[in-house]
Amino acid sequence: MCLSTHYGKGEILIVALGGYRQDMRAFDSLVRETENEFQWLLVHLPYINPESEVNAVYTPQELLQNIFAEVHKYSYQRIYLLGFSIGGRIAQNLFLLNPEKFNKLILINADGLKTHLLQWISQKKWISEKLLYRIIESKLWQFLIKNFQKMRFISSKKAKFYLAHIQNTHRRKILIQIWKKYAAYQADVPRLSLYKNKVFLIWSRYDEVLSVKIAHRTAKKHHFSLQIAEASHNIIEQEYKQIAEFLKSI
């Protein structure tokens, strides 16, 4: 079963993890823009990437071993680990399992720098998927979002995103399923700060999912490098030329 695909011919290998329900072909333009500078190993994460042929979620250690099994097939001088959105949280976890193996960790609009309320609830083992599904199938979903906003547990921008972009029961169920299945992949930003010279943040100024304020606070507190792009959350496809320039400058 295929877990990854490989492109490019550069001397630096980038292992890339994508975002929520993101077909890894979303990286195509970025790969073409940088194919002379980088090689790309695109990892098709089960449940997160629709094109994945793998039906089981690996433990963090198993996933890292599978990635290294692919990495060893190619010739390169340096290796970067890149994570976009939820792939950013997974990338942080994998990096900390073997930080000496990676020359850089690149986090783009990355989950894991801050735990969001709905994600925290979904990941609790004592809250079943069945119960969560019942909640989102009813009007209680909208009631909870609107009241969380009033109590300032979530921002108005995030409330609007939840109500508008996760607008049907099917998509909400997929999101809960992903959060449940990848609950073991927890970020540890304080530990990550021990390798601050390796960590690079790339963030969209107008990200409607993960606020740029998260990136500013994290970069300032832990002394991570930060680049801001004039884009919204889906930066990989929308502003691939900006991303390419940032990657080449690292």
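Numbers for residues simply follow the sequence, beginning at 1.
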Original post:
Is there a side-chain contact between L81 and K104 (heavy atoms, below 4.5 Å)?
Top reply: no
Subject >> Y80 backbone acceptor or donor facing K198 side chain under 3.5 Å >> reply: no
Subject >> Qualifying salt bridge (Lys or Arg N to Asp or Glu O under 4.0 Å) pairs with a residue from residues 26-43, counting only residues at least two apart or across chains >> reply: E33-K241, E37-K248
Subject >> L247 side chain reached by L82 side chain, heavy atoms, under 4.5 Å >> reply: yes
**OP:** Evaluate side chain to side chain contact (heavy atoms under 4.5 Å, CB included) for L194 paired with K196, printing each intermediate quantity in order.
**Re:** CA-CA 6 Å; L194 298 175; K196 58 181 179 290; over 6 Å; no
Original post:
Taking atom CD of E11 as the centre, does the number of heavy atoms from other residues, nucleotides or ligands within less than 6.0 Å exceed 12?
Top reply: no
Subject >> Atom of G18, atom of I48 and distance for their closest heavy-atom approach >> reply: O-CG2, 4.1 Å
Original post:
Is a side-chain N or O of E245 found less than 3.5 angstrom from the main chain of Q242, in a donor-acceptor match?
Top reply: no
**OP:** Give me the one residue out of F200, Y185, Y195 that meets ring-ring contact (aromatic ring centres under 6.0 Å, His included) with F95.
**Re:** Y195
Original post:
Checking side chain to side chain contact (heavy atoms under 4.5 Å, CB included) for the pair N36/K9: CA distance, chi angles, key distance, verdict?
Top reply: CA-CA 6 Å; N36 292 322; K9 52 191 177 184; 2.8 Å; yes
Subject >> L226 versus A219, closest heavy-atom pair with distance >> reply: CB-CB, 3.9 Å
Original post:
Hey, does L192 have a side-chain heavy atom less than 4.5 Å from the side chain of L105?
Top reply: yes
Subject >> No-hydrogen, no-angle side-chain donor-acceptor test under 3.5 Å, E237 and S29 >> reply: no
**OP:** Could you check if a side-chain atom of L45 sits within less than 4.5 angstrom of a side-chain atom of I90, using non-hydrogen atoms only?
**Re:** yes
**OP:** State, to 0.1 Å, how close I214 and T218 come at their nearest heavy-atom pair, and which atoms those are.
**Re:** O-OG1, 2.8 Å
**OP:** Apply the test side chain to side chain contact (heavy atoms under 4.5 Å, CB included) to residues I12 and Q77: give CA-CA distance (whole Å), side-chain angles for both, the deciding distance (0.1 Å), then the verdict.
**Re:** CA-CA 6 Å; I12 298 173; Q77 291 186 359; 6.0 Å; no
Subject >> Residue pair V57 / Y47: nearest heavy atoms and the distance that separates them >> reply: CG2-CD1, 3.5 Å
Original post:
Do you know which two heavy atoms are closest between T34 and A244, and how far apart they sit?
Top reply: CG2-CB, 3.5 Å
Original post:
Could you state the interatomic distance from CD1 (I235) to CD1 (I202), rounded to the nearest 0.5 Å?
Top reply: 7.0 Å
Original post:
What ring-ring contact (aromatic ring centres under 6.0 Å, His included) pairs are there with at least one residue in residues 223-250, not counting sequence neighbours?
Top reply: F84-H233, H222-F224
**OP:** Report the residues that fulfil side chain to side chain contact (heavy atoms under 4.5 Å, CB included) with Y76, sequence neighbours left out, ordered by chain and then residue number.
**Re:** L13, Q39, V71, I79, K101
Original post:
Mind checking whether L113 and W203 have side chains closer than 4.5 Å, heavy atoms only?
Top reply: yes
Original post:
Y7 and F27: aromatic ring centres closer than 6.0 Å?
Top reply: no
**OP:** Would you mind reporting whether V15 and L41 have side-chain heavy atoms less than 4.5 Å apart?
**Re:** yes
Original post:
Can a donor-acceptor pair be found between the side chains of S85 and N109 at a distance below 3.5 Å?
Top reply: no
**OP:** Applying side-chain contact (heavy atoms from CB on, under 4.5 Å) between Q92 and each of D188, V189, D111, report the one that passes.
**Re:** V189
Original post:
So, do L97 and Q61 sit near enough that their side-chain heavy atoms are less than 4.5 Å apart?
Top reply: yes
Original post:
Hey, are the side chains of L94 and I67 touching, using non-hydrogen atoms and a 4.5 Å cut-off?
Top reply: yes
**OP:** For residues A184 and P60, report the shortest heavy-atom separation together with the two atoms involved.
**Re:** O-CG, 4.2 Å
